[in-house]
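Note that the structure is a prediction, hence the values are computed from the model and not measured.
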Amino acid sequence: MPRQDGKVAIVTGGGRGIGFEVARHMARLGAHVIIGGRDEQEGLAAVTRICEESKEAKVEFKKLDLASLQSVRQFVQSFKERDLPLNILVNNAGVMLVPESRTEDGFEQHFGVNYLGHFLLTWLLLDTLKHSGKCGYFSRVVSVSSSAHRVGEITLNDLNGCQYYSAHAAYCRSKLAQLLFSSHLHQLLQRGGFPVTSCAVDPGMVDTGLYRHLWTPLRLAQSIIAHLLFWTPAEGAATVLYAALSPDLEGDCGGGYWATGRREMTTPATFDPQLQLSLWDATQRLLGLQ
């Protein structure tokens with residue numbers, strides 16, 4: 001990947017796992033990286049590790065709890081007060097298979113953290129992304145999704161999953177919503193002629209802390225299987241970094257859904273323009289953006 005000197009990147013969930021590897025590599029390439037995360041101790045430890053490996057790294061941690069819309073707004077306000085550009089936004093943080101619970105604002109946890117929190121974060125930073133991009137150096141929004149979106153279902157009159165709860169269904173729904181958002185955002189940016197692209201990435205089966213909510217016997221089995229078959233966080237970060245940094249995805253070549261280093265087709269629902277628009281409008285209403 002080319003040097004990123006002078007560029008500013010925000011990586012959510014950059015304190016560990018894939019997010020840490022993304023932040024670490026971007027910092028090595030000269031980008032000013034801001035890690036947004038809920039766990040301050042974990043985030044500061046990540047900053048220390050990166051700076052120990054690369055003495056000239058520009059990396060910092062800022063508090064960001066995606067389960068709190070107020071926290072998202074405070075994070076963005078603090079960032080904008082610094083009058084920095086924003087060239088890369090990596091929407092990486094997420095939860096998986098958590099027991100039924102609600103965010104601070106009353107949303108189902110998967111939908112609130114994986115989707116709504118990142119939607120609001122991106123929306124509030126969009127003007128900065130637009131102003132920071134230019135011909136030949138588009139700003140980029142990269143949303144870390146999952147192949148689980150393929151079995152996800154969006155029910156527009158029950159986005160919050162109130163009728164019944166399944167942790168697996170909730171996770172898959174949030175990842176499908178993330179993909180629909182990424183695709184619709186890219187189309188809006190293209191139609192508006194803005195120097196920003198939006199794409200989604202499936203990092204593959206990666207051995208991270210996302211599996212900690214599995215039923216205990218399954219978690220033990222998963223830890224053995226993961227050691228043998230899953231990718232490491234560094235390997236999982238590879239396609240995310242490609243989508244965020246590669247000159248091959250500049251301008252009109254950007255967008256889409258990426259996995260194992262290549263653009264892939266996905267389910268028909270992902271490309272349903274009416275579903276994309278309906279979800280977008282419903283989300284804006286939920287977040288009070290209309």
Q: Restricting to non-hydrogen atoms, name the atom on A67 and the atom on Q109 that form the minimum distance, rounded to 0.1 Å.
A: CB-OE1, 3.8 Å

Q: Could you work out, with side chain to side chain contact (heavy atoms under 4.5 Å, CB included) as the rule, every residue matching A45, not counting sequence neighbours?
A: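 With sequence neighbours excluded, A45 shows a side chain to side chain contact (heavy atoms under 4.5 Å, CB included) to no residue whatsoever.
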
Q: Can you find a side-chain donor-acceptor pair between Q187 and S183 that sits under 3.5 Å?
A: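 Distance-only check passes for Q187 and S183.
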
Q: Output the rest of the hydrophobic cluster of L179: all Ile, Leu, Val, Met, Phe, Trp and Tyr residues reachable through side-chain heavy-atom contacts under 4.5 Å, sorted by chain and number.
A: Y257

Q: Closest heavy-atom contact between F20 and G15?
A: CB-C, 4.0 Å

Q: Quick one: list whatever passes side chain to side chain contact (heavy atoms under 4.5 Å, CB included) with R73, sequence neighbours left out.
A: L120, L124, L289

Q: Strictly by salt bridge (charged side-chain N to carboxylate O under 4.0 Å, His left out), give each pair with a member in residues 118-144 just once, sequence neighbours left out.
A: R140-E250

Q: How many angstroms lie between CG in L116 and OG in S174, if you round to the nearest 0.5 Å?
A: 10.0 Å

Q: In this structure, would L249 and F138 fall into the same cluster of hydrophobic residues linked by side-chain contacts under 4.5 Å?
A: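 L249 and F138: separate clusters.
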
Q: Test question: given the 4.5 Å side-chain rule for I, L, V, M, F, W and Y, name all other residues clustered with Y137, or answer none.
A: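 Answer for Y137: none, a lone residue.
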
Q: Mind checking what makes side chain to side chain contact (heavy atoms under 4.5 Å, CB included) contact with L188, not counting sequence neighbours?
A: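 Checked L188 against side chain to side chain contact (heavy atoms under 4.5 Å, CB included); matches are H184, R191, W280.
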
Q: With a 6.0 Å cut-off (strictly less than), is the heavy-atom count around CD of E153, excluding the residue itself, greater than 12?
A: no

Q: Any chance you could pull the hydrophobic cluster mates of F271, using side-chain heavy atoms under 4.5 angstrom and chaining through other members?
A: M265

Q: Tell me the closest heavy-atom pair linking P203 and S145, and the distance in Å.
A: CD-O, 3.4 Å

Q: Can you confirm whether H168 sits close enough to C172 that some side-chain heavy atom of one is under 4.5 Å from a side-chain heavy atom of the other?
A: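 Counting from C-beta outward, H168 and C172 do come under 4.5 Å.
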
Q: Mind checking whether L121 and F107 sit in one hydrophobic cluster, side chains of I, L, V, M, F, W, Y counted as touching below 4.5 Å?
A: yes

Q: Give the minimum heavy-atom separation between I50 and A57, together with the two atoms involved.
A: CG2-CB, 4.0 Å

Q: Which label fits F111 and Y115: parallel for a plane angle under 30°, tilted from 30 to 60°, or perpendicular past 60°?
A: tilted

Q: Do T197 side-chain atoms and G251 backbone N/O form a donor-acceptor pair below 3.5 Å?
A: no

Q: Please answer: with hydrophobic residues joined when any side-chain heavy atoms are less than 4.5 Å apart, are L277 and L279 in the same cluster?
A: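 In one cluster: no.
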
Q: What heavy-atom pair brings H118 and N114 nearest, and what distance separates the two atoms?
A: ND1-O, 3.1 Å

Q: Flag yes if more than 12 heavy atoms outside E40 fall under 6.0 Å of its CD atom; otherwise flag no.
A: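 Not buried by this count: 12 neighbours or fewer within 6.0 Å.
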
Q: Less than 4.5 Å apart, side chain to side chain, heavy atoms only: is that true for V90 and T12?
A: no

Q: What heavy-atom pair brings V11 and G19 nearest, and what distance separates the two atoms?
A: CG1-O, 3.7 Å

Q: Does one hydrophobic cluster hold both L275 and V151, with members joined at side-chain heavy-atom distances below 4.5 Å?
A: no

Q: Test of understanding: with ring-ring contact (aromatic ring centres under 6.0 Å, His included), list the residues that count as partners of F75, not counting sequence neighbours.
A: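 Once residues adjacent in sequence are excluded, F75 has no partner under the ring-ring contact (aromatic ring centres under 6.0 Å, His included) criterion.
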
Q: Which side chain to side chain donor-acceptor pair (under 3.5 Å) pairs, counting each pair once, include a residue from residues 53-69, with sequence neighbours left out?
A: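 Checked against side chain to side chain donor-acceptor pair (under 3.5 Å) - neighbours excluded - the pairs reaching residues 53-69 are R24-E53, R28-E53, H32-E60, E60-R82, S68-E104.
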
Q: If we check side chain to side chain contact (heavy atoms under 4.5 Å, CB included) with N91, which of these qualifies: I10, V144, T122?
A: T122

Q: For F79, enumerate each residue passing the ring-ring contact (aromatic ring centres under 6.0 Å, His included) test, keeping only those at least two apart in sequence or located in another chain.
A: none

Q: Show every salt bridge (charged side-chain N to carboxylate O under 4.0 Å, His left out) that has at least one partner inside residues 261-285, sequence neighbours left out.
A: R150-E264

Q: Among all residues two or more places apart in sequence or in another chain, which pass the side chain to side chain contact (heavy atoms under 4.5 Å, CB included) test with D5?
A: R3

